[in-house]
2 protein chains.
Amino acid sequence: MEISELSKDLKPISADTRADLVELRLREYLANKELRTGDVLPTELELSAALGVSRNVLREALSRLRMLGLIESRKKRGMVLTSPDILGSFERVLNPQLIDTTTLQNLFELRLVLESGLADLLFLRKTEKNIEELEAIVDNEKFIDDDVFRVNSEIAFHSKLYEITGNDTLKRFQVMLLPLFDFVLKNENRSVKSKVSHADLVQILKEGTKEEFVIGMREHLRPHFELLQK
Amino acid sequence: MEISELSKDLKPISADTRADLVELRLREYLANKELRTGDVLPTELELSAALGVSRNVLREALSRLRMLGLIESRKKRGMVLTSPDILGSFERVLNPQLIDTTTLQNLFELRLVLESGLADLLFLRKTEKNIEELEAIVDNEKFIDDDVFRVNSEIAFHSKLYEITGNDTLKRFQVMLLPLFDFVLKNENRSVKSKVSHADLVQILKEGTKEEFVIGMREHLRPHFELLQK
């Protein structure tokens, strides 16, 4: 077909764009109707008629909502709203090769901010058992003279701290960010050493105060924070 | 069709399940092949043949990757890998009506942890201009005698702090968590008052030390932390 001068700047609306739009409309619909977990969605037939789109486009959008954990198909009941796994799709995109450097840097800072702020939850929820587990990790460190083991122990120690917070979202978030440790360690400034070791932190957690822990953790992270200044 | 005794526990493999599987395989493929932003994916024809699935199922999975910001269709080049918007899909699921109470509670704690840990970034990146902006917000608070304005000012103040960190990921994350303020304020313990106000925090940020700010912010958040103990 000949495209006239006037219409040549109009771009064709692709199926993707329509799926984007339908997905957005459906999410707005869920929010505006104040639908809750367990509520049943209209049928595909109704939805595609109401939105004026083909079943294919509708299904594409529904498939996205299903991936996000917002809906589920239930036998006989149809599509039902579900409580989404809020970190599920975050997890799906955390491919360190694809994330741009600024975002990697931002996530690294985010981790520093989180760890600087853990003290209150740690003192609220620490138990004898998990302090013993921290001590076991620290005891093992004495025998480490290998970079791989050092990194693993670093990960084990900080992961255990997140675990002690008793906050599963926080803990999972930290596990997801672990692939960034490589990025961190590559940039590590070995000339700056912290005066507060893992063993010191455990000691404070065991017998010190929250305030001492806040100060200790910030000193422990200081070499990382100093890197940020550059 | 008659279903024999032996096979009746076998559940049919739905199209959803296949899209889940294809989506997972494609993500694994991107990670294992160490593909990077800008690399071109094989055509739909090749992918569906290699995976042994229909074009429809493949397209459903590709549509999900497109939504996650992992791929883009480019004219003439085909499907190209893109740098994902890591918070995009997180944003999509943050419907407070659908998120379960435990997760809401976890996110609230996450926010407290983040704010307790902001001091280093704030002192690293504060400028005269953004301290003036904080002062303007605080000045306005004197005239507030209305709950809605109080909440708005609360939001404006804390949002500005995140902005000063210069970390866009952190800032966006905080904006996304704003709908949770309702949840927070509903649960607020009005009997516990903090000794450190917004005005005090600005004063410390302006003329005090990082350490004073850490202590001040923790005192400012204390009424929230005390709620957690229950």
Side-chain angles (χ1 to χ4, degrees), chain A residues 14 16 19-20 23 27 30-31 34-37 59-60 63-64 66-70 73 81-90 92-95 97-100 102-103 106-107 109-110 112-121 124 165 167-170 173 211 214-215 218 225 228-229, chain B residues 14 16 19-20 23 27 30-31 34-37 59-60 63-64 66-70 73 81-90 92-95 97-100 102-103 106-107 109-110 112-121 124 165 167-170 173 211 214-215 218 225 228-229:
Chain A
S14 70
D16 303 347
D20 287 348
E23 179 219 320
R27 283 190 291 109
L30 302 183
E34 303 201 2
L35 293 176
R36 286 164 193 280
T37 307
R59 277 190 190 137
E60 202 176 314
S63 171
R64 293 174 174 195
R66 214 170 275 124
M67 181 194 74
L68 293 169
L70 289 168
S73 299
L81 280 179
T82 43
S83 191
D85 172 10
I86 57 158
L87 293 178
S89 29
F90 188 67
R92 285 178 155 88
V93 297
L94 276 190
N95 178 336
Q97 284 141 221
L98 295 181
I99 297 177
D100 64 277
T102 309
T103 307
N106 283 348
L107 287 173
E109 288 181 11
L110 180 61
L112 292 181
V113 170
L114 283 176
E115 301 207 1
S116 308
L118 289 181
D120 288 84
L121 292 185
L124 192 61
T165 66
N167 185 315
D168 285 338
T169 306
L170 204 50
F173 192 56
E211 288 66 27
V214 170
I215 295 165
R218 291 182 62 252
F225 276 116
L228 299 185
Q229 316 219 5
Chain B
S14 70
D16 303 346
D20 287 347
E23 178 219 322
R27 282 191 291 110
L30 302 182
E34 303 199 5
L35 293 176
R36 283 161 195 282
T37 307
R59 279 192 189 135
E60 199 175 317
S63 170
R64 293 175 174 194
R66 213 169 277 122
M67 181 194 74
L68 293 169
L70 289 168
S73 300
L81 280 178
T82 42
S83 192
D85 172 10
I86 57 157
L87 292 178
S89 29
F90 187 68
R92 287 178 153 86
V93 297
L94 277 190
N95 177 335
Q97 283 141 223
L98 295 181
I99 297 178
D100 63 277
T102 310
T103 307
N106 283 347
L107 287 173
E109 287 181 11
L110 181 61
L112 293 181
V113 170
L114 283 176
E115 300 207 1
S116 308
L118 289 181
D120 288 83
L121 292 184
L124 192 61
T165 67
N167 184 317
D168 285 338
T169 307
L170 205 51
F173 191 56
E211 288 66 28
V214 171
I215 295 165
R218 292 180 61 254
F225 276 116
L228 300 184
Q229 316 218 6

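Bear in mind that the values here come from a model prediction, so they are computed numbers and not experimental data. The sequence lines fix the lettering, A, B, ..., with proteins before strands; numbering per chain opens at 1.
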J.: Quick check for you: among A31(A), S116(A), S83(A), which has the greatest number of heavy-atom pairs under 4.5 Å with chain B?
T.: S83(A)
J.: Taking side chain to side chain donor-acceptor pair (under 3.5 Å) as the criterion, tell me which of R59(A), E23(A), R64(A) meets it with S63(B).
T.: R64(A)
J.: Flag the one option from G117(A), G88(A), A119(A) with the top tally of heavy-atom pairs under 4.5 Å to chain B.
T.: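 Looking at each option in turn, the highest pair count goes to G117(A).
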J.: Quick one: ring-ring contact (aromatic ring centres under 6.0 Å, His included) partners of F90(B), sequence neighbours excluded?
T.: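 F173(B).
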J.: Looking only at heavy atoms, what is the nearest atom pair of V93(A) and I86(B), with distance?
T.: CG2-CA, 3.8 Å
J.: Tell me, for R27(B) versus chain A, whether the close heavy atoms (under 4.5 Å) come from the side chain, the backbone, both or neither.
T.: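 Side chain only.
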J.: Is there side-chain contact between T169(B) and T102(A), with at least one heavy-atom pair below 4.5 Å?
T.: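 Not touching, per the 4.5 Å side-chain cut-off.
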J.: Output the option from L112(A), L114(A), T165(A) having the highest count of non-hydrogen pairs under 4.5 Å with chain B.
T.: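 The candidate making the most pairs under 4.5 Å is L114(A).
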J.: Tell me, please, which residues at least two apart from R218(A) pass salt bridge (charged side-chain N to carboxylate O under 4.0 Å, His left out).
T.: D120(B), E211(B)
J.: Using the side-chain contact (heavy atoms from CB on, under 4.5 Å) rule, pick out the option among V113(B), N167(B), L170(B) that qualifies with V113(A).
T.: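 Checked V113(B), N167(B), L170(B) against V113(A); only one passes side-chain contact (heavy atoms from CB on, under 4.5 Å): L170(B).
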J.: Taking every non-hydrogen pair under 4.5 Å, which of L35(A), L87(A), L30(A) racks up the most with chain B?
T.: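 So the answer, after comparing L35(A), L87(A), L30(A), is L35(A).
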J.: Checking heavy atoms, do the side chain of T82(B), its backbone, both or neither come under 4.5 Å from chain A?
T.: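 The backbone, not the side chain.
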J.: Give, for atom CG of L110(B) and atom CG of L121(A), the distance between the pair rounded to the nearest 0.5 Å.
T.: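 Those atoms lie 9.5 Å apart.
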J.: Is there a side-chain contact between S89(A) and L68(B) (heavy atoms, below 4.5 Å)?
T.: yes
J.: Heavy-atom distances under 4.5 Å only: say whether L81(B) touches chain A with side chain, backbone, both or neither.
T.: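 Looking at L81(B), just its side chain touches chain A.
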J.: With a 4.5 angstrom heavy-atom cut-off, could you sort out which part of L94(B) is near chain A: side chain, backbone, both or neither?
T.: side chain
J.: Testing D100(B), L98(B), I99(B) one by one against T37(A) for a side-chain contact (heavy atoms from CB on, under 4.5 Å), which residue passes?
T.: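 That would be L98(B); it is the only one of D100(B), L98(B), I99(B) passing the side-chain contact (heavy atoms from CB on, under 4.5 Å) with T37(A).
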